[in-house]
Structure formats: C-alpha cells, structure tokens
Number of protein chains: 2
Amino acid sequence: MKISGGVEWSLHCCVVLSQAEDPVPTARLAELHGVSKSYLAKHLQSLARAGLVRPTEGRDGGYVLTRAPADITVLDVVQAVDGAGPAFRCTEIRQQGLLAAPPEQCTAPCGIAKVMADAERSWRDSLSAVTIADLAATLDLAALKQTLQTSY
Amino acid sequence: MKISGGVEWSLHCCVVLSQAEDPVPTARLAELHGVSKSYLAKHLQSLARAGLVRPTEGRDGGYVLTRAPADITVLDVVQAVDGAGPAFRCTEIRQQGLLAAPPEQCTAPCGIAKVMADAERSWRDSLSAVTIADLAATLDLAALKQTLQTSY
DNA sequence: TAAACTCGGATATGACTTATCCGAGTAAAG
DNA sequence: CTTTACTCGGATAAGTCATATCCGAGTTTA
C-alpha cells in the first residue's frame, strides 16, 4: 500500500492558498516549498481537474481555491491527486478454479472484499473529518502571511 | 492508493489452509483457485517469511498455518504481502523552501503527517478486527472440505 | 539407494509513478 | 491598439516498483 508523493505537496499548497488573497502561480508555490516547479505543475493540474482550485491565466495569474478552506477535506485532495478508485479490487477468485462456488452463493459480496472495503471506508472517514482550515489552524499564520507578501 | 494483487490470493489461501489438516503444496493451492502457480509461489514465500505459514519440503510437503485461524488477522496477511511500512511518508516540506518553519516548531509531527497516520491507524484497526476464522465462517465449509479431499 | 517432489531465490517483462519540457492562450502595460 | 511578458495545459522521456516466470538446492518417501 502506497500513496503518491504528490499528495503531500498538494496538501501544503492548499494550505498556502487558503491564506493567500491573490492568485499564486506555480513557480511561486514551488519556491515556497523548495520543490520542483515542473513536477508540482502536474499535481496542480490534477487539483484543477477535480475542481478544487481555479486557474487564472496571463500576467499576475495563478491558482485560487474554489471553495472555503473549511469546505475542502483532506480526502478531497488525496482523491484528486491519487485517484478515487478503491485500493482493493476483488477479482472474484471464489468463482474460479476447482473450488468455485455456485453462482447462487455469489449474490452477496465476497467476505474478503467486504472486509477490505470496510477498512477503506474507515480510512476515508478519517481523512474527510479534517479540512484545509483545520490544517491551517495548526500553523503560525502570521509568519506565513508575512512570507507570502515577501518580494518575488 | 493501491494494494498489491497478491493480497487477495494470499487471503484465500489462508482460508483454505485453515480447513486443511495436511500440508497443501503450492501447485494444489494454485489449481484450487485457478491462478498462476509460479506467481502464487512468490506470495506464499512472503507469508512464510512473515511466519504465518510453515513449509514442509519433500514428497507430500506443502504449507501449514503456524497459528490457529482465530489468531491470524487480515492485517497480518496484508502486511506480510504488501509490506508493513506506512503508506504516507512525510518528507518534512515545512522545513524547506522560503516558508521553512524554525526547527523549534518542528518537535511535534507535521499536521498533515498526523492526519494521514491517524487514517492509516483506522484502516489497520479495521483489518485487525477480522481473523481468518471469521472469513472461513462465511463459507460453505462442508463443500470446501469435500473439494479439498478430491483426488489430485 | 534412488527417485520424485517440495520450496527458495535469482531472473525477464510490463505498467505505473516520477520528472521534464515546450507550445497555446490570456491579461496587463505601454 | 500593439506589444510584451507571463500564465497554464498537454504531450513527452526516464526511472522505479509490481508482475510474472523459471530452474536449482534440499528433503522426504518408497
């Protein structure tokens, strides 16, 4: 089980965007966090496709959050970057091989698939209980905003 | 987020082993489930390395569970096959770039890392609440044992 | 003693994540 | 109105990890 590395970058960017009033371009977000601009751009595109951020083109353009920070959960960001599909995909092994179960017993989901799905649900519930606003609240916002206004 | 495909095979195998009294070889487990023998062997090795199953070599050899089915959780199997490391790895972005936080504020874990770790904990708790015995209880054990005794 | 069957690690293949670049389009400034 | 500079977006390589397979070392049985 593994989570895409871009998730961490994207979450940090969302926190920064929640404190910025003006659009923030990709290059600026990259130097703020000390990461590759080219690669960060790819993840920001994922956020844009998911409708979490809105791009502004041209001079003085950049990204802005589309919703209030309290209305964007960590799960929203994770799914936008890492995909929303289930981590475990049941291939219906119980219907294959010598001990294939008869189809009439396969109306209910496989017991193994059910356990994995329940676990993923718990995982998602935990992530959706925290918002970008909650994450921002744990930081020194005064210092952050001051750095944001530092000359380019 | 994605889970190795071998996890499904391994869980089904553990359920079968919980109902078998004699060692079951890899080739037999493969034909019972209709999957590749060569590839299944690799995952069974992972289970053996984790100490969940014990191999018996030579003629009439095979694999046997090392513990009672009620003492082996789904989490044990998942971690044996897919690795036990955390899915999210914090790279301490907060200490890099223009808005690097001073080290004295970084004694506690990053807020983002904490959220992700909590979610993974929920996931693991769900998986560790179910055992191989629980999974077996949802099946038609009489039919399964009969198939197990079918001639090779 | 010999034979057959078992697991174990070492070895190719393929898919996916990672990482990067340049062009199309847009808003602002002169 | 023209020019300029800056923005995002998709298309494009490299690297890494999971997938899939094979043959040899060792052991039990007959």
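In what follows, chains carry the letters A, B, and so on, assigned in the order in which the sequence lines appear, proteins first and then strands, with residues in each chain numbered from 1. Since we're looking at a predicted model, the values are computed, not measured.
Although no hydrogens or angles enter the test, the distance criterion places no donor-acceptor pair under 3.5 Å between the side chain of B:R49 and the main chain of B:A80.
Taking all atoms of both residues into account, the shortest heavy-atom contact from A:P69 to A:L65 is CG-CD1, 4.5 Å. Shortest non-hydrogen contact noted between A:C110 and A:C90 is CB-SG, 4.1 Å. Summarising the geometry of B:G6 relative to B:H43, their closest heavy-atom pair is CA-NE2, 3.4 Å, with the distance given to 0.1 Å. The shortest non-hydrogen separation linking A:L17 to A:Y63 is CD2-O, 3.4 Å. Nearest heavy-atom pair, B:C106 versus B:Q95, reported as atom, atom and distance to 0.1 Å: CB-NE2, 3.5 Å. Heavy atoms only, all atoms of each residue included: B:V81 and B:S10 are closest at CG2-OG, 3.3 Å.
Comparing A:A27 and A:K2, the nucleotide of DNA chain D nearest to each residue sits closer to the 5' end for A:A27. Comparing A:G62 and B:D82, the nucleotide of DNA chain D nearest to each residue sits closer to the 5' end for A:G62.
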Take A:R94 and A:I112, measure what side chain to side chain contact (heavy atoms under 4.5 Å, CB included) needs, and give me the verdict at the end.
CA-CA 10 Å; A:R94 60 178 172 176; A:I112 291 174; over 6 Å; no

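The rotation axes computed at either terminus of the helix from C:dT1-D:dA30 to C:dG30-D:dC1 lie 10° apart, taking five pairs at each end and rounding to 10 degrees.
Residue pairs meeting the salt bridge (charged side-chain N to carboxylate O under 4.0 Å, His left out) criterion with at least one partner in residues 14-24 of chain A, sequence neighbours excluded, do not occur; the list is empty.
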Is there any protein nitrogen or oxygen under 3.5 Å from a nitrogen or oxygen in nucleotides 23-26 of chain D, and what are the pairs?
none

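At a cut-off of 3.5 Å, with distance as the only test, a side-chain donor of A:D76 or A:T73 sits close to an acceptor on the other residue.
Of the options B:V24, B:I132, B:L144, B:T147, a side-chain contact (heavy atoms from CB on, under 4.5 Å) to B:Q19 is made by B:L144 and by none of the others.
For the contact set between residues 47-56 of chain A and DNA chain C, defined by any heavy atom under 4.0 Å, there are no members. Contacts with DNA chain C (heavy atom under 4.0 Å) in residues 39-46 of chain A: A:Y39, A:K42, listed by number.
Ion pair B:K114/B:D118 flagged as a salt bridge, since at least one NZ, NE, NH1 or NH2 atom sits closer than 4.0 Å to an Asp/Glu carboxylate oxygen.
Note on B:S36: every side-chain N or O is 4.0 Å or more away from OP1 and OP2 of D:dA20.
B:S122 pairs by the side-chain contact (heavy atoms from CB on, under 4.5 Å) definition with A:S122, A:S126, not counting sequence neighbours.
Checking D:dC8, C:dT6, D:dC22 against the side-chain heavy atoms of B:P25 singles out C:dT6 as nearest.
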